[in-house]
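A short write-up of the structure that comes next.
Since this is a predicted model, take the numbers as computed values, not measurements. One-based numbering along the sequence shown. Keep in mind that the numbers below use all heavy atoms, side chains included, and drop hydrogens, waters and symmetry copies. Ligands are counted one by one from 1 in listed order, and the atoms in each one are counted from 1 as well.
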Amino acid sequence: MAIQLKKPDQIEKLYASGQIVREVLDWLGEIIAPGMTTEYLDAEAERLCQARGAKCLFKGVPGRGKAGPFPGNICASLNEEVVHGIPSKREVRDGDILSVDFGVELDGWCGDAARTFTVGTVDAEVQRLVDVTRHSLDIAIQLAAPGGKWSQVAEAMADYVRGEGFSVVEEFVGHGIGREMHEDPKVPNFLSPELKMRDIPLRPGLVIAVEPMVNMGTPRVRVLDDGWTIATADGKPSAHWEHTLAITQDGVRVLTA
Ligand code: MG
């Protein structure tokens, strides 16, 4: 495992990519409405990304096993879907939640973020799931400081989520990011056995995509027949929030906010 720390000028480039991701997610959040297809949201993300001269990163990512390359520009995961949902002609409806993950490359540097959007009026407990997931990411932003260790942050995130009566997905974790979308280290949202053995020191120049996935019921997940979509094992809803963060001398900089 080799963590590549980024220099200040490289962090500026990552910020530029991150701002395109932010802008696209802002736009999707503005337009999403009952009756809209996830394919339409995908097309809008691609259009805006290209207008900014950036490359959408998710399309063509090789699949595991029999799954072909990922066909979308965004991941669009609806309700009980956790991550890696494929954009389609499916329409979002009043009361749905839709997790949208999006990544771009600009000038050789990557940005990656995700948000769970609520469509119309959602059930109060589903809204709480979305809010708790988002707040667990806020906790990471508040606690990640130069000189600290990721294990302390991860444990605080998971303790908060579990204290709210929800569960943390453990099969999927965050990641380092830079010239590649996925770099070392792996960044769990809970205190994993690997993290106990080998912690991640929060050094200035560390750039990580932190992405808590929180389930209302069981933390267990399954892969749907399309080979890509990850859904909760019990069919209960799941939420996902992600930011790309840089540790600097002064603290934490959120590159996708
Ligand atoms: Mg990511």
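Using a 4.0 Å cut-off between a side-chain N of Lys or Arg and a carboxylate O of Asp or Glu, R52 and E23 qualify as a salt bridge. With respect to the salt-bridge test (charged N to carboxylate O, under 4.0 angstrom), the residues R115 and D26 qualify. Checked for salt-bridge contact, E12 and R253 meet the test: a charged N lies under 4.0 Å from a carboxylate O.
With contacts defined as side-chain heavy-atom distances shorter than 4.5 Å, the pair F172/V82 does not qualify.
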*Carefully, step by step, assess D234 and T218 under the rule side chain to side chain donor-acceptor pair (under 3.5 Å).*
CA-CA 7 Å; D234 59 7; T218 178; 5.1 Å; no
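Here 4 is the count of protein N, O or S atoms positioned under 2.8 Å from the Mg ion (ligand 1), waters not counted.
Legend: residues meeting side chain to side chain contact (heavy atoms under 4.5 Å, CB included) with T38, ordered by chain and number and at least two apart, are A76, P87, S88, V92, L98.
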